[in-house]
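As the structure is a prediction and not an experimental result, all values here were calculated from the model.
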Amino acid sequence: LEPLWLALHRHHRTVLPDRLLVADDALSWQRRREVYRGWLESGTALALVAERDGRLLGYAFAHLIDGPDETFAVGRRYAELYSLSIAPDARGGGIGTRLLDELDRQLAAASIADLVVAVMTDNHAARRFYERRGLRAVETHYWRIASAPRDQTP
């Protein structure tokens, strides 16, 4: 999954260019891989891949979380779509839709109806994609990242 993660991570840097993201690609992948590994080993993940002719074109990785939540009216379990990455030359070809359709089928089979997805604020294409699937923005996260450069203007 590394090349697809790096493609997504690099895309994120185009929609959030002010150096708030991990700059080192290898370090970013190392950290992401450990998250994936931990969830897979604990049995709290769904990982789906899309491939054609032996070439990996995309993947979806979801974390399964025990509910209920203290704020949102989710069920006994819910899922967070933690990553959806499509190879840059395969974007727009319906692969993301097919991956999420399969994710929805697998979640339904596990009696999980609720799904949360985090999207970077300026990733407008991703926001439109998820909204077309019936998801809606209900919460915004604000970050203070101490290592990021700060605007010196008052």
Side-chain angles (χ1 to χ4, degrees), residues 1-23 25 28-29 31-33 35-40 42-145 148:
L1 300 180
E2 180 179 5
L4 289 171
W5 165 251
L6 293 178
L8 179 60
H9 186 61
R10 290 172 184 145
H11 172 67
H12 286 162
R13 287 200 299 257
T14 69
V15 297
L16 191 66
D18 49 0
R19 298 185 297 174
L20 297 174
L21 302 176
V22 174
D25 285 345
S28 175
W29 170 243
R31 291 174 178 173
R32 182 59 56 126
R33 184 183 65 229
V35 168
Y36 291 164
R37 180 177 288 139
W39 288 338
L40 286 168
S42 71
T44 61
L46 281 175
L48 305 170
V49 297
E51 60 183 337
R52 183 181 307 127
D53 300 325
R55 178 176 173 242
L56 194 59
L57 297 177
Y59 77 96
F61 199 100
H63 181 214
L64 308 179
I65 303 165
D66 288 333
D69 185 75
E70 73 285 349
T71 301
F72 296 103
V74 297
R76 184 184 61 79
R77 291 185 90 197
Y78 63 101
E80 175 186 12
L81 178 62
Y82 199 66
S83 302
L84 176 64
S85 180
I86 310 302
D89 63 339
R91 290 182 186 148
I95 293 167
T97 295
R98 288 193 297 276
L99 281 166
L100 289 193
D101 287 348
E102 180 59 26
L103 177 64
D104 284 342
R105 279 190 286 280
Q106 290 195 26
L107 292 174
S111 299
I112 298 172
D114 302 309
L115 178 67
V116 61
V117 179
V119 179
M120 291 189 180
T121 305
D122 288 339
N123 194 346
H124 302 292
R127 292 172 63 144
R128 286 189 303 272
F129 173 74
Y130 293 119
E131 288 168 4
R132 283 192 307 269
R133 294 190 65 85
L135 285 89
R136 55 184 211 166
V138 297
E139 184 175 45
T140 301
H141 292 237
Y142 289 84
W143 287 75
R144 176 183 296 130
I145 300 177

Ring pair (Phe, Tyr, Trp, His ring centres under 6.0 Å) between Trp39 and Tyr82, worked out
CA-CA 11 Å; Trp39 288 338; Tyr82 199 66; 4.7 Å; yes
Side chain to side chain donor-acceptor pair (under 3.5 Å) between Arg13 and His9, worked out:
CA-CA 7 Å; Arg13 287 200 299 257; His9 186 61; 3.1 Å; yes
Any chance you could measure Glu80, atom CD, to Ile65, atom CD1, to the nearest 0.5 Å?
5.0 Å
On a heavy-atom basis, which atom in Leu56 and which in Glu51 lie closest, and how many Å separate them?
CA-CB, 4.1 Å
Heavy-atom pair with the smallest gap, counting every atom of Val15 and Asp122:
O-CB, 3.4 Å
Minimal non-hydrogen separation, Ala50 against Ile95, with atom names:
CB-CG2, 3.7 Å
How many angstroms lie between atom CZ of Arg76 and atom CD1 of Ile112, to the nearest 0.5 angstrom?
7.5 Å
Check step by step if side-chain contact (heavy atoms from CB on, under 4.5 Å) holds for Leu21 and Met120.
CA-CA 11 Å; Leu21 302 176; Met120 291 189 180; 3.7 Å; yes
Indicate yes or no: at least one non-hydrogen side-chain atom of Val138 is less than 4.5 angstrom from one of Phe72.
yes
Ignoring hydrogens and geometry, is there a side-chain-to-backbone donor-acceptor pair from Asp69 to Val74 under 3.5 Å?
no
Do Leu48 and Gln106 have side chains that approach each other closer than 4.5 Å (heavy atoms only, starting at C-beta)?
yes
Are Leu8 and Leu84 packed together at the side-chain level, in the sense that at least one heavy-atom pair is separated by less than 4.5 angstrom?
no
Please work out whether the ring planes of Tyr36 and Phe61 are parallel, tilted or perpendicular, with thresholds of 30° and 60°.
parallel
Approximate separation, where rounding is to 0.5 Å, of Asn123 CG and Arg128 CZ
9.0 Å
Should Phe129 and Val117 be marked as a side-chain contact (heavy atoms from CB on, under 4.5 Å) after you check the CA-CA gap, both sets of side-chain angles, and the distance that decides it?
CA-CA 11 Å; Phe129 173 74; Val117 179; over 6 Å; no
Determine whether the side chains of Ser28 and Trp5 contain a donor N or O and an acceptor N or O closer than 3.5 Å.
yes
Atom CZ of Arg133: over 12 foreign heavy atoms under 6.0 Å:
yes
Asp25 and Arg32: salt bridge (charged side-chain N to carboxylate O under 4.0 Å, His left out), yes or no, with the steps?
CA-CA 10 Å; Asp25 285 345; Arg32 182 59 56 126; over 6 Å; no
Tyr130 side chain reached by Leu81 side chain, heavy atoms, under 4.5 Å
yes
Could you give me the CA-CA distance, side-chain angles and deciding distance for Asp66 and Thr44, then say whether side-chain contact (heavy atoms from CB on, under 4.5 Å) is met?
CA-CA 9 Å; Asp66 288 333; Thr44 61; over 6 Å; no
Shortest non-hydrogen pair, Ala90 vs Leu57, comes out as CB-CD2, 4.3 Å
Does anything in residues 84-96 form a side-chain hydrogen bond (donor to acceptor under 3.5 Å, both in side chains)? List the pairs, not counting sequence neighbours.
Arg55-Asp89
Residues Arg127 and Thr121: closest non-hydrogen pair is NH1-O, 3.0 Å
When you look at CZ of Arg105, are more than 12 heavy atoms from neighbouring residues, nucleotides or ligands closer to it than 6.0 Å?
yes
Tell me whether Arg33 at atom CZ has more than 12 heavy atoms from other residues, nucleotides or ligands lying less than 6.0 Å away.
yes
Between Thr97 and Arg132, is a side-chain contact (heavy atoms from CB on, under 4.5 Å) present by the stated rule, with each step listed?
CA-CA 10 Å; Thr97 295; Arg132 283 192 307 269; over 6 Å; no
Is the shortest heavy-atom distance from the side chain of His63 to the side chain of Val35 under 4.5 Å?
no
Distance, nearest 0.5 Å, that separates CG of Leu99 from CG of Asp104:
11.0 Å
Taking all heavy atoms of Ala79 and all of Leu107, pick out the closest pair and write down the distance.
CB-CD2, 3.7 Å
